[in-house]
Structure formats: structure tokens, C-alpha cells
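The structure appears right after this line, and notes come after that.
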Amino acid sequence: MKLLEGKKALVFGIANHRSIAWGIAQQLYQHGAEIGISYGIPQLERRVMPLAESIGVSFVEKCDVNNDEEIGELFGMAADKFGEIDVLIHSIAFAPQEELTGRFVATSRSGFATALETSAYSLIALTRAAAPMMRNGGSVLTMTYYGAEKVVPNYNVMGVAKAALEASVRYLAADLGPDGIRVNAISAGPIKTLSAAGVAGIRKMLRYVEERAPLRRNVDQDEVAKTALWLCSDLGSGVTGEVVYVDAGYNILGMPEPPGSW
Ligand code: NAP
Ligand code: 1JT
């Protein structure tokens, strides 16, 4: 059974073949959705185009989510191309590299503003632009991380941005629920993507989780995408304002000790 036959989805946040958003785009496509893709910086066109072509996507447009004019133009083009849309995927985050290491107390004013604007406000801006195109209701999905709730070394200001993102999911869900628009987040375990690769210690963190998570392994883009599929399809029709974990169970642990250490 194809879960998204006849549905249209706009996907933000594909940088390359490792991106979580690329896993989601493929999964939505396999379930019958027509996809439009938006990328952030001009240099990415070369990387994103071949991926887009492989799933029959002809709508591939640049949009800096920190620029209201670009958002307006992007959704204008999307309205011309698709008319209505059913699904919005927001898989975007950014913080200056120097903020993702060292003491949190050293977070700069501009690093804080950048991280929160790009990683949290952008969900509100994109949802506001998409909502008028979701005339039959719709589903908005964003990506978060456990560092929103608990202190994770070096995640620093990204944790604060993700906390704002998760709260925004709840406020947007309450605001847009009466229009039949659902808004949810997936909290993914660490995955080696372009963003993650730029972070010192990511390999150590992957090993740490693998040794302790109830499933004794990490998760991959495809597992996140399968949860995205049910949240965005009719299978998720009663779910809104939620943070759903795809993390091999890591978040349920109160005292994560490696097996055999007691
Ligand atoms: P990724 O492939 O590097 O994706 C991040 C995306 O954000 C890139 O496509 C990037 O595009 C985009 N972006 C950043 N600033 C932008 C801007 N101003 N305008 C438009 N796009 C912008 O890494 P990823 O791991 O898949 O990350 C996707 C989401 O998953 C993020 O929200 C991340 O926090 C979340 N997440 C990741 C993990 C993990 O371990 N990988 C775990 C939990 C949650 P440009 O480079 O073009 O700007
Ligand atoms: C960004 C980066 C957002 C890395 C991200 C992210 N969301 C999840 N990750 C992976 C990650 C990163 C750190 C971490 C744990 C997981 C990097 C560029 C900015 C946006 O710390 C323990 C730092």
C-alpha cells in the first residue's frame, strides 16, 4: 500500500546523500509523494541535482531560510508548481563551529542569535509560508536532538536552539491544529552526516551510544525516514505537537552505564 499517493511534499535540508532529509525524501517518494526540494547555499546545487533527478524531482530551488524574501519567492514558485502541498519537512540547523566546543558560558550573543534563528525560528517562518498551501490539512515535521532536554557535552547553544524548536512545535501544533495541520518533531540519535562530521568527538559519541542504547547500536537515516513516513501519512493522523524518538532507546536511560559495569 502506498501511503502518500497523490500527496505533495516540500523538503528543506538536503546537503548531500548522507542528509537525514535525503533519507526522508526517498522514503516519501517510494510511498508515492511528489517532492519539491530546497537547498541552502548555491554550492549545493551540484550535489543536490543528481539526487533530485534520481527520484524524479524537477522542483529544486535555493532558499536561505534566514531570508524572508527568499522564503516568499520559494513558496511563490512552489504554489505555481504544486498548487497545494500536504507535507513540509524542515531538517535544518546551524551554529558557528566555535560555539560547539568549550564552555557554554562562553556562548556569544551573535552565536546564540544565529543558532536560534537558523535552527528554531526558521521552522516558524517556513510553517507560516506553507500553511496557506495546506488547504486540505497537512503535516509539518522537524528534526531535533536529545541535547534539547539534557546536557550533552559540546552541544551547547544547539541544545538551547533545539529546546526552542521543540517548544515551537507545540505552539505551532496548537495554533494550526484547527486548520487540520499537524506539527511534530523526530528526536534522532547521533548520525554521521555533514553537520555531525564537523563536530569534534562525533565518532566517540557514536561508540558511546552503541555501547549503552537499549538496542546496542546507532540509528540510520532510513530508520528516521520510516518514522517520518508514518508521521506525515494518514498513519499519524491523530498525532500532533509530539517529539518522537528514533534513537535506539537511548533517551529512556536514567543512568547510562555500559553493560557489565555493575
Ligand atoms: P546536514 O545534512 O548537514 O543537514 C543540515 C542542513 O541544514 C543542510 O542541508 C544545510 O544546508 C541546512 N541549512 C543550514 N543553514 C541553512 C540556511 N540558512 N538556509 C537553508 N538551509 C540551511 O545534517 P543532518 O544531520 O541531516 O541535519 C538535519 C537535521 O537533523 C538538523 O536539524 C539536525 O540538528 C538534526 N539532527 C541531526 C542529528 C545527527 O546526529 N546528524 C541528530 C539529531 C537531529 P546548507 O549547507 O545549504 O546551508
Ligand atoms: C548542527 C550540528 C546540528 C550538528 C548536529 C546538529 N544536530 C545534531 N547534530 C549532531 C551532534 C552534534 C553535536 C553533538 C551531538 C550531536 C553541527 C553544525 C551546526 C548544526 O554534541 C555532543 C555537537
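Remember, it's 1-based here, ligands and their atoms both numbered in the order they're listed. Keep in mind that what you see is a predicted model, and the values were worked out from it rather than measured.
Close approach to Pro153 involves these atoms of ligand 2, each under 4.0 Å from a residue heavy atom: 21 (O), 22 (C). Listed by atom number, the atoms of ligand 2 under 4.0 Å from Leu100 heavy atoms are 17 (C), 18 (C), 19 (C). Of all atoms in ligand 2, listed by their number and element, those nearer than 4.0 Å to a heavy atom of Met158 are 3 (C), 20 (C). Close approach to Val152 involves these atoms of ligand 2, each under 4.0 Å from a residue heavy atom: 22 (C). Close approach to Met205 involves these atoms of ligand 2, each under 4.0 Å from a residue heavy atom: 14 (C), 15 (C), 16 (C), 22 (C). Ligand-side atoms of ligand 1 in range of Pro190: 40 (O), range being under 4.0 angstrom from any heavy atom.
The part of Lys162 lying near ligand 1 is the side chain, judged by heavy-atom distances below 4.0 Å. When non-hydrogen atoms are compared, ligand 2 lies under 4.0 Å from neither the backbone nor the side chain of Gln97. Proximity of Met143 to ligand 2, defined as any heavy-atom pair under 4.0 Å, is not found for any part of the residue. At a heavy-atom cutoff of 4.0 Å, ligand 1 is contacted by both the backbone and the side chain of Ile41. Residue-level proximity to ligand 2 for Ser119 is absent, since no heavy atom of it falls below 4.0 angstrom. Contacts with ligand 2 closer than 4.0 Å are made by heavy atoms of both the backbone and the side chain of Tyr155. Only the backbone of Ile14 comes within contact range of ligand 1, with a heavy atom under 4.0 Å; no side-chain atom does. Contacts of Ile92 with ligand 1, taken as heavy-atom pairs under 4.0 Å, involve both backbone and side chain. Residue-level proximity to ligand 1 for Cys63 is carried by the backbone, the only part with a heavy atom below 4.0 angstrom.
Under 4.0 Å is where a charged nitrogen must lie from a carboxylate oxygen, and between Glu84 and Lys8 no such pair does. A salt bridge is defined here as a Lys NZ or Arg NE, NH1 or NH2 lying under 4.0 Å from an Asp or Glu carboxylate O, and Glu61 with Lys81 fails to meet this definition.
The nearest protein atom to atom 23 (C) of ligand 2, hydrogens excluded, is given as Val199 CG1, 3.2 Å; this is a heavy-atom distance.
Taking only nitrogen or oxygen atoms, main chain and side chain alike, Gly40 reaches within less than 3.5 Å of ligand 1. Considering both main-chain and side-chain atoms, Thr144 never comes within under 3.5 Å of ligand 1 through any nitrogen or oxygen pair. No N or O atom of Ala196 sits closer than 3.5 Å to an N or O atom of ligand 1. Polar contact check, Gly13 against ligand 1: a nitrogen or oxygen pair lies under 3.5 Å apart.
Distances from atom 17 (C) of ligand 2 to the heavy atoms of Ala93, Ala148, Ala95, Ser195 put Ser195 nearest.
Using modelled atom types, one finds no donor on one side chain facing an acceptor on the other under 3.5 Å when comparing Ser19 with Gln221.
Looking only at distances, a side-chain donor or acceptor of Asn184 sits under 3.5 Å from a matching main-chain atom of Gly241.
Contact between Gly198 and ligand 2 is absent, with no heavy atom of the residue lying under 4.0 Å from the ligand.
Of the options Glu73, Glu45, Glu70, a side-chain hydrogen bond (donor to acceptor under 3.5 Å, both in side chains) to Lys62 is made by Glu70 and by none of the others.
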